[in-house]
Q: 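Please find one structure pasted underneath; my questions will follow.
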2 protein chains.
Amino acid sequence: MDDNDQPAPPLPSTRTPGATRKGVETRARIIRGALEALESGGMETLTTRKIAASAGVKLATLHYYFDSKENLLLAVLEDLIADMAEAYRQDMSMPSDPEERIEALIRSMWRYVQRTRNKQLAQTELTLYALRTQGAEWLAARQYNAYIDFYCRLVFHGMGELTEEQRKIGTAIARFMLIGIDGLILQNFALHNNGDTNEGVETLVIATRDLLHRLRSEAGIQPG
Amino acid sequence: MDDNDQPAPPLPSTRTPGATRKGVETRARIIRGALEALESGGMETLTTRKIAASAGVKLATLHYYFDSKENLLLAVLEDLIADMAEAYRQDMSMPSDPEERIEALIRSMWRYVQRTRNKQLAQTELTLYALRTQGAEWLAARQYNAYIDFYCRLVFHGMGELTEEQRKIGTAIARFMLIGIDGLILQNFALHNNGDTNEGVETLVIATRDLLHRLRSEAGIQPG
DNA sequence: GTCTATAGCATGATAGAC
DNA sequence: GTCTATCATGCTATAGAC
């Protein structure tokens, strides 16, 4: 339930050599290149050659930083997790009432998803890849827990500490929001019919607000 | 909104030669073999050789029936769509009240998902593959529309005809259920924590019943 | 730290006997 | 309709100069 601050078995061998200024930059370029190539073509056509080309480095350079394609892909997923928080904070107005925050948060998420369609596809593909990769399943879990933790905090505070009860309720809310957004992403991709999917967003907003209502009154009637 | 009875551009070249009794059987074996191999290893490691081995045929035989790996994979996805209806009807008790049907249906779906974890992963991977494959996006749409149509009918009837209003409400319900189930699948896979995911199922049941309530009263107050 | 060059191999697909 | 044998290609990864 709370394996978010996991021991986190370090990614097997992401080399990260001397860590020169230049080295760090190149490593980042390769990760960005991999994400670009993944967004444009999908996992099926993703090769180390395309990644290297997309990053503007030679194939051997790629292997200097990542000893295998697998570890590079896992590093890309890690990077996506790290970037997530920044992305949402941008265009979100922040009401003080948690119920309105839920609504603002879902709408913000959905705007972000729609303007980064291919990135979402890429992230979904990478998550499935991690689930299929022996010893990398924890990465998928970490990704989800990071999202859950992030949404949970955003529902109740700017980013401060939470009471135990807020954490419990917020986690349930966050989980449900995430379920809805993931389902919406897939359905929107498959039907590429934004009109109908927007109905789904409205329904999700209402359902999540109702859930908060329910959890709060349950907590009020039967505290501890 | 209703491109379910699509012209359906025929799958480019699934050959299907003379269609001998034996030929049809072999074709089916290859499709089953592909699904098996996909379930056990994922798209990343899925090769025509593994498929052939898993189907008990030689590599050349596979290419006699499917002129390319791509068309084989799309045929597998088609097959999954066709099998879907059978799978759910099995263990579902069928109350007469639509609200209770929604609950029974969601629980039945969830049971099915849990006992076919790898099949669901495979189907998700194939759907993403179709979305990435030029000219195959319609297959993903067909898959979703088939599910939506199926759930819609199940909410209101055994399988008979629907009134226009039932169809409209049922479609919205079905879409939302599907959003929830897809999201639940991904979250359950990533966190592999069935206890917490079951909470999500309960929440989805309540939310979907509420949605039906809302749609019905809206229709009652403002018909046509 | 980045490159050129290449090893070593697995892949999707085909030719042609039976 | 199914097989054996093989092709051509593209893959990941490495060796070694600079």
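Here is the naming used below: chain letters follow the sequence lines, and residue numbers restart at 1 for every chain.
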Q: Whole Å only: how far is the CG atom of A/L62 from the P atom of D/dA15?
A: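 Rounded to whole Å, this separation is 17 Å.
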
Q: Are side-chain N/O atoms of A/D149 and A/N145 paired as donor and acceptor at under 3.5 Å?
A: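 Checked: A/D149/A/N145 side chains show no N/O donor-acceptor pair below 3.5 Å.
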
Q: Measuring from atom CG of B/N188 to atom CG of B/D196, what distance do you get when rounded to the nearest 0.5 angstrom?
A: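 Between B/N188 CG and B/D196 CG, I get 10.0 Å after rounding to 0.5 Å.
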
Q: Could you grab the distance from atom CG of A/L184 to atom CG of B/D182, nearest 0.5 Å is fine?
A: 10.0 Å

Q: Which residue pairs pass the side chain to side chain donor-acceptor pair (under 3.5 Å) test when at least one of the two sits in residues 123-133 of chain B, sequence neighbours left out?
A: A/E125-B/R132, A/R132-B/E125, B/Q123-B/Y147, B/T127-B/Q143

Q: Let me confirm one number: the SG-CG distance from B/C152 to B/L178, rounded to the nearest 0.5 Å.
A: 12.0 Å

Q: In this structure, how many angstroms lie between the P atom of C/dT11 and the CD1 atom of B/I51, rounded?
A: 11 Å

Q: In this structure, how many angstroms lie between the C1' atom of D/dC3 and the OH atom of B/Y64, rounded?
A: 13 Å

Q: Taking the side chain of A/K69 as heavy atoms from C-beta outward, which of C/dA13, D/dC3, D/dA13 is closest to it?
A: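 Taking heavy atoms from C-beta onward, the closest nucleotide is D/dA13.
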
Q: On the nucleotide C/dG12, are OP1 or OP2 found under 4.0 Å from the side-chain N or O atoms that B/T48 carries?
A: yes

Q: DNA chain D: A/T45 or A/A60, which has the more 5' nearest nucleotide?
A: A/T45

Q: Between C/dG12, D/dT2, C/dG1, which one does the side chain of A/Y65 approach most closely?
A: C/dG1

Q: Would you indicate whether the side-chain heavy atoms of A/R175 and B/E199 approach each other to under 4.5 Å?
A: no

Q: How close or far is atom C1' of C/dT2 from atom NE2 of A/H63, stated in whole angstroms?
A: 15 Å

Q: Rounding to a whole Å, what distance do you find between B/E70:CD and C/dT11:C1'?
A: 16 Å

Q: Would you sketch DNA chain D in dot-bracket for me? Only Watson-Crick or G-U wobble pairs with both distances under 3.5 Å count, crossing pairs as [ ], other-strand pairs as |, the rest as dots.
A: ||||||||||||||||||

Q: Is there a side-chain polar atom (N or O) of B/T20 under 4.0 Å from OP1 or OP2 of D/dG1?
A: yes

Q: Of the nucleotides C/dG1, D/dC3, C/dG12, which one has an atom closest to the side chain of B/T47?
A: C/dG12

Q: Rounded to whole Å, please give me the gap between CZ in B/R49 and P in C/dC9.
A: 14 Å

Q: Enumerate the side chain to side chain donor-acceptor pair (under 3.5 Å) contacts for residues 47-60 of chain B, please, sequence neighbours excluded, ordered by first and then second residue.
A: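 Found B/E36-B/S54.
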
Q: Check the distance between C/dT2's P and A/K58's NZ and give it to me in whole angstrom.
A: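 Answer to the nearest Å: 13 Å.
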
Q: Could you tell me the separation between the CD atom of A/E44 and the P atom of D/dC11, rounded to a whole number of Å?
A: 12 Å

